[in-house]
Amino acid sequence: MKYAVEQIQSEIKSLLEDALQKARMEGKIKFTQIPEYIIEVPREKIHGDYATNLAMLMAKEARMAPRKIAEIIVKNIENASSKIEKIEIAGPGFINIYLNKSWLLPVLPLIEEMGDDYGKVNIGNGKKVQVEFVSANPTGPMHMGNARGAALGDSLASLLETAGFNVSREFYINDAGNQIENFGLSLEARYLQLLGHEAEIPENGYHGEDIIEHMKEIIKTEGDRFLHEDSQKRREFFVNYALNKNLDKIKKDLKNFGVEFDVWFSEKSLHESGKLQQTIDILKQKGLTYEKDGALWFAASKFGAEKDEVLIRQNGIPTYFAADIAYHKDKLDRGFEEIIDIWGADHHGHVARMKGALEALGYDPERLKVIIIQLVRLYRNGELARMSKRTGKAVTLADLVEEVGKDAARFFFNMRSADTHLDFDLDLAVSKSADNPVYYVQYAHARICSILRQVEERGIKIPSAEEAYLELLEEPSEIELLKKLAEYPEEITRSAQKLEPYHLTRYAMELASLFHTFYNSCRVITDDQKLMGARLVIIKGVKQVLKNTLTILGISAPERM
RNA sequence: GCGCCUAUAGCUCAGCGGAUAGAGCACCGGCCUCCGGAGCCGGGAGCGGGGGUUCAAUUCCCUCUAGGCGCACCA
C-alpha cells in the first residue's frame, strides 16, 4: 500500500526528471547527472503544495540561470499529469507545483481501511533494535530526569515500532557496585539509630526519608535481631529487602506512567554469570589493558576517549564502567542490530569511552546510539528549585503523575527535543489549567466523539469512505485537514529516522488546530445528506489519526472530557 | 584548561541549506437563536557578536561571548 504523499512525490519526481531528459535530448540543456534535490511542502501555502529546488541545483553544471532551467522543465511538464492544477516558477528558481484535490481524497479510504495501522511504515524492515532507558538507580525514587527519559524512551520505542522496527524496551538495574555498598551502610546506620544506637551515615550515603521508612518496616517485621548479627550479613539482608521494595515501586510508578519494559536486566547478574570477567579478559588478551597503581586500566584513549579508564580498582572491585562494557557487549551478542541508550546529560562523558570500548571489543561502535537528554529544571513560584534525590524533598515521578496526570506529563516531556534544557514549571503543570496543550489535542478528539455520538443518537448512518461523496469537500479548512492527514506517514518516517518523537506532539497540535478551525467554519450535522456524509468521513479520519499519534506518545484519546 | 548541550518575538519553543523566519502563552479587539467557548477570527516585535563555505546560511565550518552539564579507583 502506497501512501498518497509518497505516491505524489514519486510522481512529481518522474515528471521532473522526464522533463529534463527530454530537454537534454532536444539539446536545450546539458548535464551528465541529476543532482540530489528535494521535493518539499513549502512553508508558505502560497508557494504551492510542493516545491523543488532542482533548477537551482542544476545551475552550476548546466551553466544556465536557474530560472531559465526552471522554464525548460516547466514547459516540458505542462499538462503531463491530470493531478497538477498549475505549475510555476518563483523566486530564484523554485518550481512550485499546485495540485488539484484528486490526489488527496484517497487518503480517507486509506485511513478507514488501515485504522490503527495508518501511519505504519517500513523503514525498519523488522530490524532488531533495543531501547534502554530510565535505568533509574534502584536505591531511591525516580526523579524528573528519569521521568523525562521514561517519556522519551517509551514514545521513541513505540515510534520505532510504528516505523517497522522490532523493538525491545529494557531497564538496566544498577544493583551492584559502590553505591549499593553505600546504600547498605546507610540502611544499617538508620537501623541502628532507630534502635537507639550510635551510628553515622557514610559521607556519600543516602539521607532520604525512604531509608528510614525501609528500616522501620524491617524493625516491625524482624525486630532487633540484627543488632548482634554480622554487619556484612545484615547489610545484605537490608539491601536485598530495600532494593526489591524500591524496584516494585519503580515498576508500579512506571506502569502508572504508561511505561512497561520487556526486559529488566540486572547488573549483578553480569558479575555472577562471569560475563563481566570474560569481557575484561578479552580486553586483556587484546593487550588493551595495563596495570597502574594497583588497578587495571583500559586504554580508552586509543579509541577516541579523552583518557584511560579504570576497570578494576585497587581493592579488586570492578568499576561501573567495566560492568557497563560487559552489559553493552551482551546487548549486541543478544542479536540487536542497533542499541539505543537514553542517558542524562551528566553521563555524556561516558559516550566516547563506551563507544571506544565496543570498538576495542571488535564491534562497530555505530551500532550504539546514545541520546543525551539535557537536564530538567524545576521551577516553583518562578524560582529554580534544585532537585535532590537525597534530601527527600525532590518531586518524584510518582508525585508528578499524581499531580498533573500521566497524559499532561508525557505530552510536556515530549514537546521539546532531547537536547534542549527543559524548564518544567511545576505550578503550571500542577494546575489543571487550559494552558496545557495536551487538553487542546484531547479536546479535538473528544469533540469529534461528541459529534459522532449525536449522529448515532439521531439514527444517521455514517457512510463508508468509499460510499461518501468526498468530492464535496472543498472548503479551505477541509483541504488543509486532508493535507495534514496525508502527511502523517511522512511525519512518522522523519521522526523515526531522527529518533525524535517530539515532532509528533507538534503534529498532534497542528492537526487539532486545523480541526478546530474546520469545526468553526463548517457544520458537520446538516440537512445536506451528501455533504454531511463526506464531513463525517473526514472527522472520523481526524479522530483516527489523532488517536494513532497520541497512542505512540502514550497519551489517552478520551471520548469525553 | 578540555569536552558535550544551548543561545530565534516580552516568556516557552519550532524551523528537515532555500522564497516575506513560524506556533503557543501573555497583551488588545471581535465571534455562540446552531454539532462541546477546554474553541475560533484579527492585531506587534526577533535569528548573541565576528569571520568563512555556498548561486543561497537561523540551518554547515571556525572563532568569540553568555548559560547549563561533565572531566573520580561515583554511578
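Sequence lines set the chain letters: A, B, ... in the order given, protein chains first and strands last, and positions in each chain run from 1. What you see is a predicted model; the values in this text were computed from it and never measured.
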*Rounded to the Å, how far apart are A/D407 CG and B/rA38 P?*
19 Å
*How would you label the contact of A/H47 with the nucleic acid (heavy atoms, under 4.0 Å): base, sugar-phosphate, or nothing?*
base
*Under the side chain to side chain donor-acceptor pair (under 3.5 Å) rule, collect the residues that match up with A/S266, sequence neighbours excluded.*
A/D175
*Could one point to a donor on the side chain of A/H421 or the base of B/rG67 with an acceptor on the other under 3.5 Å away?*
yes
_If I take atom CG in residue A/D293 and atom C1' in nucleotide B/rA72, what distance separates them, rounded to the nearest angstrom?_
13 Å
*Check if the side chain of A/H348 and the base of B/rG3 share a donor-acceptor pair of N or O atoms closer than 3.5 Å.*
yes
_Using 30° and 60° as the class boundaries, would you call the ring planes of A/Y320 and A/Y172 parallel, tilted or perpendicular?_
tilted
_Classify A/A90 by what it touches in the nucleic acid, base, sugar-phosphate, or nothing, heavy-atom distance under 4.0 Å._
base
*How is A/L57 classified with respect to the nucleic acid when contacts are heavy atoms under 4.0 Å: base, sugar-phosphate, or nothing?*
base
*Answer with base, sugar-phosphate or nothing: what part of the nucleic acid does A/Q454 contact at a heavy-atom distance below 4.0 Å?*
sugar-phosphate
*For A/N53, answer base if it contacts any base atom (sugar-phosphate contacts may also be present), sugar-phosphate if it contacts only those atoms, and nothing otherwise; contact means non-hydrogen atoms under 4.0 Å.*
base
*asked:* Taking the ring of A/F265 and the ring of A/F171, is the distance between their centroids below 6.0 Å?
replied: no
*Does B/rG29 have a Watson-Crick or wobble mate here (both distances under 3.5 Å), and if so which one?*
B/rC41
*Pick base, sugar-phosphate or nothing for A/T517, based on heavy-atom distances below 4.0 Å to the nucleic acid.*
sugar-phosphate
*Contact class for A/R353 (heavy atom, under 4.0 Å): base, sugar-phosphate, or nothing?*
base
*Can you check B/rC32 for me, syn or anti if syn means within 90° of 0?*
syn
*For A/Y37 and B/rA19, what is the distance between atoms OH and P respectively, to the nearest whole Å?*
20 Å
*Quick one: A/E510 CD to B/rC13 C1', roughly how many Å, whole number?*
13 Å
_Under 4.0 Å, counting only non-hydrogen atoms across every strand here, what does A/A51 touch: a base, just sugar-phosphate, or nothing?_
base
*Within the modelled atom types, does a donor on one side and an acceptor on the other bring the side chain of A/H503 and the base of B/rA14 under 3.5 Å apart?*
no
_What's A/R523 touching, base or sugar-phosphate or nothing? Going by heavy atoms closer than 4.0 Å._
base
_Heavy-atom neighbours of A/F303 CZ exceed 12 at 6.0 Å_ = yes
*Tell me which nucleotide among B/rG39, B/rG68, B/rA14 gets nearest to the side chain of A/Y443.*
B/rG39
_Any base atoms under 4.0 Å from A/M509, or only sugar-phosphate, or nothing? Heavy atoms, all strands._
nothing
*Touch check for A/N96, heavy atoms < 4.0 angstrom, all strands: base, sugar-phosphate only, or nothing?*
base
*asked:* Heavy atoms only, 4.0 Å cut-off, all strands: where does A/F321 land among base, sugar-phosphate and nothing?
replied: nothing
*asked:* Between P on B/rA72 and CG on A/N182, what's the gap in Å once rounded to a whole number?
replied: 18 Å
*Regarding A/H328 and A/D341, is there a side-chain donor-to-acceptor distance under 3.5 Å anywhere?*
yes
